[in-house]
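Have a look at the structure below, then the notes.
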Amino acid sequence: MSVTKEAAGAVTVLRIGNGPVNALSVGNGFVTEIGDAFAAAEADQDCAAIVIAGEGRMFCGGADIGDFDGDPASLDTLRNMQLGVENSGKPVIMAIHGVALGGGLELAMAGHYRIAQAGTKLGMPEVTLGLLPGGGGTQRLPRLTGAAAALDMMLSGKPVSAERALEIGLVDKVVEGDVVAAALALAAEALPPVRPSGALPVPADKAEAVEAARAKLRPGALSQAPARIVDCVAALSDDLASGLAVEARLFGELMASEASRGLRHVFFGERKVARIPGLSSDVRPRPIARVGVVGGGLMGTGITIALLNAGLSVTMVELREEALAKAGATIAKTIQRDVDKGRIAQDKADARLAAFTPAGSLDALGDVDLVIEAVFEDIGVKEEVFTALDRITKPEAILASNTSTLDLDAIAAFVSDPSRVVGLHFFSPANIMRLLEVVRGKATAPEVLVTAMDFAKRIGKVGVVAGVCDGFIGNRIFEEYLRQAWFLLEEGALPQQVDAAMEAWGMAMGPCRTMDLAGQDIGWAVRKRRAVEQPDRPYSGVIDRICEMGRFGQKTGKGIYLYPDGRTAEPDPEIDRLIIEYSAEIGLERRTISDEEIVSRCVLAMVNEGAHIVGEGIAYRPVDVDMIYLYGYGFPRERGGPMFHADVIGLPAVLESIRTYAAGRHGWAWEPAPLLVDLAARGETFEILNA
Ligand code: 3H9
């Protein structure tokens, strides 16, 4: 952390540096240091103008998100520092390069002139953290750019380019090359006048822009940040101080909200899961340039598209000629669709397709750096493939299996060096879903694991490490979630109530619609297997009845719901009848089930299984479970993930509910996880295990 001062004639240049993104930390004293350095320059008789620039890769990535768990009043230090800059009697020029986000852009707006280097991204991402720009952004940005452009930036959270910033009046100049030199040149021309952004008039489009933005707010949204951003812009008046006071008060309220706490947990969680505990930083990823994909089915095709989109060369091996041709056609069609939708240029699509090599034999994989196997889920088939790969591939090539149901260690045993085997469990559609479970076998080499995680990042996925167990992290938890959903149906709820309750709570899709989309036959196959393996852990038979009718969901046009247009779920009175009759058949008197009970049982089933998984060491930390649920299962970001949500409820209360369910019908499904019992007894949270 440092603020360095250089004198260039009568101009003082202050360079602010604090870690990788120059975060404006109040907690570590950095903001105070900037304020002090600024005050010294201000008091310096020989200084006529002040330039502020960022050290390293960027100007500033914003306020320190870690400060938001503390006292909201402490953030006044940041606001006062910015007011000090704005109210300076000497012209202040901001020399902006790389990134100016959130509080970083607010600092820039507190200056009197802004010069940005071409390529700089300027934005207000606070809304993505369930917050509003709380360092004057809601009051200064509209004054500079007009209310509509400001609301657009603040509500989307998306940064704008330096060129766009110039267009909308956010910066005064865009330069190629050294931005500090450009700032010094501006100061040297003729000393520019002091020009505080906060003194600019209220923009003429305020009322209209506020009304338009209000109309677009999503009712029932978990995060109140968008609504409060609009409120702040509505509060713009000629009295800057009163607008700033409204902004600070609303920022404090949002900071304490569950949604913002959840979203902040996600911000740090995404970065935490990339870190593998206990591995030295000397373990470096291997370079991966050429990849082989074995299997041209739905999964292999999706994986191939994801890899081609990331700029990798892919050889797809599929022994069945017809299937290979079909996969090739799907790949070409999907990539072309991105051109048609204006997402990529034709030459880019051409390059992606040129990097694709279809092959009819595994012999084509002699020079690849990584193979991803996505063939039929049968251990005999896997044995054939891996025995051949062992012979054909380079000894340093990594061999990955996309298996979701088989034992990775058994697959690794087919290879003479099992340390090069790892699981890469993609989620369907693999070119869209962000989650990648990276499965560490008992022999997987640390370097192979690190390479797999690096590879996940390279192809735009959130990689999360899971140990070997049936279902790994995601599907193992999902089974318990579904178990409760199906029990709820036989006890008195109907599918539309279960789905509506879970969707109102924030899940992207309720369990019935999810399984109709994934294919009810997939769940049926798992249940049949479980009936043999775990006869003492039954499921409700009601869902099997639906499967026995051949109703597998969207793919058969009917599942729990009807799909008259192939996509939109419509409740089916026949299924409602079937469910009600099933309850009677098993002698269960149906009762009214509240939405609260539906949510509580479905969510706590995830929490309890998640706690088992962390306790067993299958997940490194609770946050790994959280990220899997956000990126693979449509869990609401604002709730942070199941484990974070349990902390919000409080672990003693979570345990009490679980114990109540354990004393009720099918109580065996609610055996409290030892880790949960232990943490609750000690008054601790899951969060302490994330450090
Ligand atoms: C705000 O400003 C509120 C104000 O309006 C009001 C105040 C009153 N704070 O992403 P990376 C860490 S809200 C703390 O890998 P990149 C990050 O955790 C803030 N830490 O780098 C990571 O740590 P680690 C508005 C932060 O080069 C390390 O820095 N700003 C912050 O890929 C490197 O991060 C935002 O929302 C932060 N603000 O991307 C911007 N930012 O190494 C958030 C980063 O221990 N940040 N860290 O895992 C970003 O979007 C990206 O970090 C950025 C750089 C684009 C800047």
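Along the sequence shown, residues carry numbers from 1. Note that these values count all heavy atoms, side chains included, but never hydrogens, waters or copies made by symmetry.
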Quick one: closest heavy-atom pair of P91 and V194, and the distance? N-CG2, 3.6 Å

Quick check, are the ring centers of F427 and Y631 under 6.0 angstrom apart? no

I want to check a possible cation-pi pair here: R264 against F268, using under 6.0 Å from ring centre and within 45° of the ring axis as the test. no

So, for W505 and L222, which heavy atoms are closest and what is the spacing to 0.1 Å? O-CD1, 3.8 Å

Tell me if the centroids of the rings in F68 and F267 come within less than 6.0 Å of each other. no

Verify side-chain hydrogen bond (donor to acceptor under 3.5 Å, both in side chains) between Q336 and Q346, making sure each step is shown before the conclusion. CA-CA 8 Å; Q336 192 57 41; Q346 187 64 52; 3.1 Å; yes

Closest heavy-atom pair and its distance - Q117, V179: N-CG2, 3.8 Å

From the list R275, R434, R637, salt bridge (Lys or Arg N to Asp or Glu O under 4.0 Å) with E270 holds only for R637

Taking the six-membered ring for Trp and the single ring otherwise, decide whether the centroids of F59 and H97 are under 6.0 Å apart. no

If you draw the axis of the six-membered ring of F251, does the NZ or CZ of R79 fall within 45° of it and under 6.0 Å from the ring centre? yes

Note, V625 side chain near P642 side chain (heavy atom, < 4.5 Å): yes

Six-ring centre of Y113, R195 cation under 6.0 angstrom, axis tolerance 45°: yes

Do S88 and F38 have side-chain heavy atoms sitting under 4.5 Å apart? yes

